[in-house]
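First the structure, in the form of structure tokens, and then the observations on it.
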Amino acid sequence: MAPILLNCMGNEHSDYIKQQVQVKNPYLDTMEEDILYHFSLGTKTHNLPEMFGDIKFVCVGGSPNRMKAFAQFIHQELKLPGNPEDLTDICEGTDRYCMYKVGPVLSISHGMGVPSISIMLHELIKLLHHAQCRDVVLFRLGTSGGVGLAPGTVVITDKAVDYSFLPQFEQVVLGKVITRSTELDEGVANELLQCSSELQNFPTVIGNTMCTHDFYEGQGRLDGALCSFSHEEKLEYLRKAYEAGVRNIEMESTVFAAMCRVCGLKAAVICVALLNRFDGDQITSPHDVLVEYQQRPQILVSHFIKKRLGQV
Ligand code: R2B
Ligand code: URA
């Protein structure tokens, strides 16, 4: 028997509903239990409102180690009681993603690429919904290849764009392509830029971020196992990207922006450029330099969170 479709969008104009995390799936209301399989969490096995109801900031990034380091960093920054070394992985029942809760901040890893982050986002958005979280802001803190930028520059994404520089994300559903807008929250991006001018620690720009489905050919690299284009063709593509306002290239921003937008979540993407792609393809900076670069988006977002909490 087909499940009854409930109209869960009936009250969408009230402010209260707007501030809530909106799942756009009427079938969810008909389910007795929701198992968030890749988090090893569930609505029957865990009290999600009690565990997560006070979350206001969700920070996601590719690497589990980096997101653990961020959780420990924000713990210190917010001067919370207890030892940051003692933070435990809420998703320890699975090794797909890691998750740490630090006061009102959730730090989660998402792996590499659109399919990996999109699975995580489905379960994260449902988690925030089941936990009845309100007024949540999401940040993707990542690494990227710079387009005409010095290594170490932080890019706050204006528009997340696809391979043809359009602000859209294409999802195949039942064999058909659905196109969703990838617009991000302008207010949050400007607030982050303001934070960087207050910190004056590292160069920061606002620009478009191109999201690709591959690190090598998809980003016009000449150093993959396959390469079917010339050096000149690579540079021409990067020049076109630059003219379209693209300042960095990574692999998750479009689906992140699209899913957050549909579900009424304010979101921002902050990625450090590890290299200038006009100068090469290989990431040659020493390990300690790369570690310091990767702390830059974390420092920026930490300042944003502290400001929002009235701690600076
Ligand atoms: C940035 O870095 C990763 C590839 O090295 C990928 O997840 C991304 O978006
Ligand atoms: N991540 C990417 O996706 N591309 C780069 O060039 C560097 C990091």
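Not measured: the values here are computed from a predicted model. Ligands are counted one by one from 1 in listed order, and the atoms in each one are counted from 1 as well.
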Any donor-acceptor N/O pair, Thr182 side chain to Ala257 backbone, under 3.5 Å: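 Not confirmed, Thr182 side chain does not pair with Ala257 backbone.
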Check ion pair Asp158-Arg247 (N to O, under 4.0 angstrom):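 Between Arg247 and Asp158 there is no salt bridge, as every charged N stays at least 4.0 Å from the carboxylate O atoms.
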Pair Arg239 + Glu232: basic N to acidic O under 4.0 Å: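 Looking at Glu232 together with Arg239, the answer is yes, because their closest N to O distance falls below 4.0 Å.
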Those atoms of ligand 2 less than 4.0 Å from some heavy atom in Ile249: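 So the answer, numbered in order with elements, is 2 (C), 3 (O), 4 (N).
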Where ligand 2 meets Gln219 - atom numbers and elements under 4.0 angstrom, heavy-atom basis: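 Every atom of ligand 2 under 4.0 Å from some heavy atom of Gln219: 2 (C), 3 (O), 4 (N), 5 (C), 6 (O).
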Ring center gap for Tyr237 and Phe229 short of 6.0 angstrom: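 That pair fails the under 6.0 Å test.
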Arg221 N/O to ligand 2 N/O under 3.5 Å: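 Yes: some nitrogen or oxygen of Arg221 is under 3.5 Å from one in ligand 2.
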Any Leu275 heavy atom less than 4.0 Å from ligand 2: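 Contact check Leu275 vs ligand 2: positive.
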Close-contact set for ligand 1 against Met251 heavy atoms, below 4.0 Å: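 Matching atoms, with element in brackets: 6 (C), 8 (C), 9 (O).
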Numbered atoms of ligand 1 (with element) below 4.0 Å of Glu250, judged on heavy atoms: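 Contacts of ligand 1 toward Glu250, numbered from 1: 9 (O).
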Using a 4.5 Å cut-off on heavy atoms from C-beta on, say whether the side chain of [Y] contacts that of [X].
X      : Y      : value
Asp281 : Tyr216 : no
Cys211 : Glu250 : yes
Cys98  : Ser109 : yes

Polar atom proximity, Gly111 to ligand 1 (N or O, under 3.5 Å):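 For ligand 1, there is no N or O atom that lies under 3.5 Å from one belonging to Gly111.
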Min N/O separation Thr143 to ligand 1 under 3.5 Å: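 N/O-N/O distance under 3.5 Å: yes.
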Tell me which protein heavy atom sits closest to [atom], plus the residue, atom name and distance to 0.1 Å.
atom                   : result
atom 7 (O) of ligand 1 : Glu252 OE2, 2.6 Å
atom 7 (C) of ligand 2 : Ser144 C, 3.3 Å
atom 3 (C) of ligand 1 : Met112 SD, 4.0 Å
atom 5 (O) of ligand 1 : Phe215 CE1, 3.5 Å

Within 6.0 angstrom of Lys307 NZ, more than 12 heavy atoms from elsewhere: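 Above 12, so yes.
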Counting only pairs under 3.5 Å, give me each side-chain donor-acceptor contact of residues 47-69, with atom names and distances, residues two or more places apart or in other chains.
residue : atom : partner : partner atom : Å
Asn47   : OD1  : Glu50   : N            : 3.1
Asn47   : ND2  : Glu50   : OE1          : 3.3
Asp54   : OD1  : Lys101  : NZ           : 3.1
Asp54   : OD2  : Lys101  : NZ           : 3.3
Lys56   : NZ   : Arg134  : O            : 2.9
Ser63   : OG   : Asn65   : N            : 3.4
Ser63   : OG   : Arg66   : N            : 3.0
Arg66   : NE   : Gln294  : OE1          : 3.0
Arg66   : NH1  : Leu141  : O            : 3.2

Options Gly62, Gly145, Gly220, Cys271, ranked by nearest heavy atom to atom 5 (C) of ligand 2, top entry: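 Heavy atom nearest to atom 5 (C) of ligand 2 belongs to Gly145.
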Arg140, portion touching ligand 1 at heavy-atom distance under 4.0 Å: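 Under 4.0 Å from ligand 1, Arg140 contributes side-chain atoms alone.
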